[in-house]
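A note on names: the letters A, B, ... follow the listed sequences, proteins ahead of strands, and every chain is numbered from 1. The figures here come from the full heavy-atom set of this structure, side chains too, leaving out hydrogens, waters and symmetry mates.
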Amino acid sequence: MTSAPLYVGIDLGTTNSTAAVFDGEKVTLVRNAQGSPITPSVVRIDARGNVTVGARARRFLDTDADNTRSEFKRLMGTAQGIRFQGAGVERRPEELAAEVLRSLRADVRDQIGVLPARAVISVPALFELPQTSATSEAARLAGFERVELLQEPIASALAAGWTVEDQGGAWLVYDLGGGTFDVSLLETRDGLLRVVGHDGDNFLGGRDFDWAIVDWAIAQAARDGVVIRRGDPAHAGAVRKIKLAAEEAKIELSRVESASITVPGLDVAGAGYDLDVTLDRETLERLCAPAIDRSIAVCRRLLQAHGVADGGLTRVVLVGGPSVMPVVRRLVSQQLAVPPAEGLDPMTLVAQGAAIFAATAGLEARPSAIEAVRGAKVWLQYPAMSSDLTPHVVGRLVERTGPVNSVPTEVQLGRADGLWDSPWTPLDEEGAFVLPVSLVPRKPNVFRLTGKNIQGNAVTIDPPTLTIVQGLTISDPPLSRTIGVALASNDVRVYFERGAPLPARRTFTLHTVDSVARGAEKAVIKIPIVQGEYEQAHLCRLVGALEIGGKELKQTLASGAEVELTIELDRGGRMSARALIPAIGQVFEHVAHLLVPEADPEVLASTVTATRARLGELRTDAFRRQARDSIERLGKVESALDDVGRDIDAARGGDTDAAQKARRTLIEVDAQIEAVELDRRWPELDREAREALIWTTGWVQDYGQPHEQTLYQETAKAVDKARQGRDPLELQRQLRLLRRLGSSAYGRHPEAWKHRFEDAAADVGNATDVARAQALVKEGREALAKGDNEALRRVTQKLWQLLPSAAEDRRKGHESGVR
Amino acid sequence: MSQKPDDFEALADNPFYVLGLRPDCSRIDIEREGQKLLGMLGLKLKSAATYMSPLGPRPRTEDKVRAAMAALRDHEKRLAHEFWASLPPPAAPPKPPPIPETKGPGPAPFAGAFAALGWRRS
Ligand SMILES: Nc1ncnc2c1ncn2[C@@H]1O[C@H](COP(=O)(O)OP(=O)(O)OP(=O)(O)O)[C@@H](O)[C@H]1O
Ligand SMILES: [Mg+2]
């Protein structure tokens, strides 16, 4: 007997967290012990070490700030410890997140009667690798056996798509949270949901409204002659109290027309003051308008980037606490000329979507019951959720031997409602079957799988049933930035291009530059993994590194040894890497320092200094070139750096959030500089493209195969287009293709390998292993004399691997030990 | 210093060939076929392990199928691929190309060639 499926989704928010469950048909919110579906993401550890979570902890945020912590989500992925004074303990951000998850997990058990083992947890779209891995770690600490991460906007869209009838078209998910704003452009067609792109501002949210109200209240107090200053440490306690009251009033004003902000007995630099003012909705709306406008500008930028014209949206889905405010709904829908999707709860939509996603990922929350099915074991593959009404079920017998009577030769799938059966289908020579099934819309469809043996008698199959929910199909999320390996030549070996669907896995064979002796304590081969759109490694950002130390080697590794490096990215963008060294049969999997974002004020300050120096150079250059666009960008960089400077000061005073904000801004600054750098490199790139065109045309004409010639023409056209449109990224991409075509053709020239060989041989004195290189040159000369082109090719390729990369290139290439 | 010339695979990796579909197939065909192939590859079935391309049979992998589905879901990308796939995949691999030995050495590659092919030497 099978019960309804159970899928769990969790929105682990900065301010609030929510859990929801989905049974394949409807979503139910999980209520906590206080009866609310919303649990504040607040953790308190008292002097005796007792841990409380949620509303009960939140009450102490004001009165016992040293032992009560919130907003730790912003620190995820950093090494920052969070102290609890009373108990004298320090916790990592993921440990606090784990407390919230543990509490929600217990709420599911209390409401549903099942302690979930698997779940989907949502993360912001702009989370970086270390932040996603910290989230997985939090889930593990909370006792989940398996979780999948899902980007918050996809979760919102999925929930909206499930609830609202499919109209197709482009939509916007507008998610304004406590401190972050995310906006995503999505498209649905025929039940397929696709993320087109996203944008956001990491420092825009409900908190900005709160501060605007605080400033207003302070101005009111000034009328009474009381001076309260936000930046003055002597007023910090008073300001904190006003801010809490301001937030309460703001929330109240989502329902009513006016609310009072009353804070008696404020301590303003030693003197007492009773704050009591009334805020009406109209004033609130005026105060919030600038921040809302900023969010709308971000939406416009996103729409523009994807060529969506005004009025080109079918609907906007509003998510996040501040989206409850009537003014937010009104301004967003007016200015973007799009109706808001009604009947969706902004506070819990993300959790609902996460639960629905658990179904599409087949992530049943119940711990796997050890059902004693005795029968022929079959491996099955099918979509756990499908928009297609007739998807396929694929199966394969695990064991094809055994007593003839217990081995099925034919199978049939029957829908549990008895209204549809597949024909009896014989298993093929691999013991496999591929069967289309028919689904009832918007329901979990249970199918029975039965078998017959060669005599036509029934055989039990394990598993006997499977469930497919008919609903949306969600397409693989695209990778936001290109990922590759930095080589010693400072080139990048691209593994995944921007926009590649996730999950993805790729393997390339790289070669070590140096030899590493077995047991050599200090020697390591470093394989830096970088993210960015440049061809030169030093311009890309290092996001991790795999290190192979001499200590771990079972055998000495020669220079030029093959390293088969596999990089894998899961749906949530989590990365893992694995290096196999075939010569010694060893595998290395440890990815060293997955670049924990460094938010130490001193490190930040030195980054600012370095960035300013670079800014100076670029600016001089931009003025010389009269590059208006670049000058403008650099102006923005300048003012962003000023902001960073202020945040660093606040960080030195202990404001960890300011440190993170500074770090984030620096990343955005990097992107701006990236754009200027690309623009500066343009003439060089353009020249390279022209030259490549001249060289390759002849070769492809003479030695290219017909399909290469056709493709060449197309590529040449694309190169022209990119040159005209002054699109450096596109030109780089097309140039790569052009060169590949040219190289293939060139390689067929009868003397190609001779020339390559001579070129490499001329450099033999600089080889990393001169003796070996000389031997190869000798071998090459013999091959040349015999006219053995194939041998010449092999020798030349080996020789290449021994040639040194310039030390400079290598340093720039993040000290890469591979080529 | 250099990259060895890559084999040219873009044409053989055309999403329509990878999925074994015709350029006029519907959107739902892409989802259905892609999902089926992913299932078959997940179970390592030989019948899904290769596909035919104009350059002969090619190994089919889950990554290739996913990338193909993603490419065809994008309207603009799909148009470009339709153009390339408008020739039906041949039933048998084509003959290897004639080796251009008979053409004589042709224009001799010289130093500039390396730079033009994007090889950087220091
Ligand atoms: N009814 C309401 N009206 C107006 N604002 C509200 C309301 N309820 C909550 N808020 C505000 O919403 C913010 C919290 O939003 P939300 O819970 O969506 O954030 P979060 O999901 O925790 O953050 P993030 O998504 O950035 O991790 C706070 O600023 C809070 O004051
Ligand atoms: Mg949120």
Qualifying residues under side chain to side chain donor-acceptor pair (under 3.5 Å), relative to A:E187, sequence neighbours excluded: A:R194
Results of ring-ring contact (aromatic ring centres under 6.0 Å, His included) for A:Y495 - residues two or more places apart only: A:F508
Distance, nearest 0.5 Å, that separates CG of B:L37 from NE2 of A:H392: 9.0 Å
Side chain / backbone / both / neither for A:T390 at chain B, heavy atoms under 4.5 Å: both
Separation between CD of B:E33 and CG of A:D388, rounded to the nearest 0.5 Å: 10.5 Å
A:R396 vs B:K44 side-chain heavy atoms within contact, under 4.5 Å: yes
Heavy-atom contact with chain A under 4.5 Å, split by part of B:R73: both
B:T61 versus chain A, the contacting section by heavy-atom distance below 4.5 Å: neither
Greater than 12 external heavy atoms within 6.0 Å of A:R505's CZ: no
Option from A:L380, A:V394, A:V434 for which side chain to side chain contact (heavy atoms under 4.5 Å, CB included) with B:L43 holds: A:V394
Which atom of A:A504 lies closest to which atom of B:D63, heavy atoms considered: CA-OD1, 3.8 Å
Leading residue by heavy atom contact count with chain A [cutoff under 4.5 Å; candidates B:R66, B:E31, B:E62]: B:R66
For A:E430 against B:K46, the heavy-atom pair lying closest together: OE1-N, 2.7 Å
Test item: A:Q381 and B:M40 side chains (from C-beta on) under 4.5 Å apart, heavy atoms: no
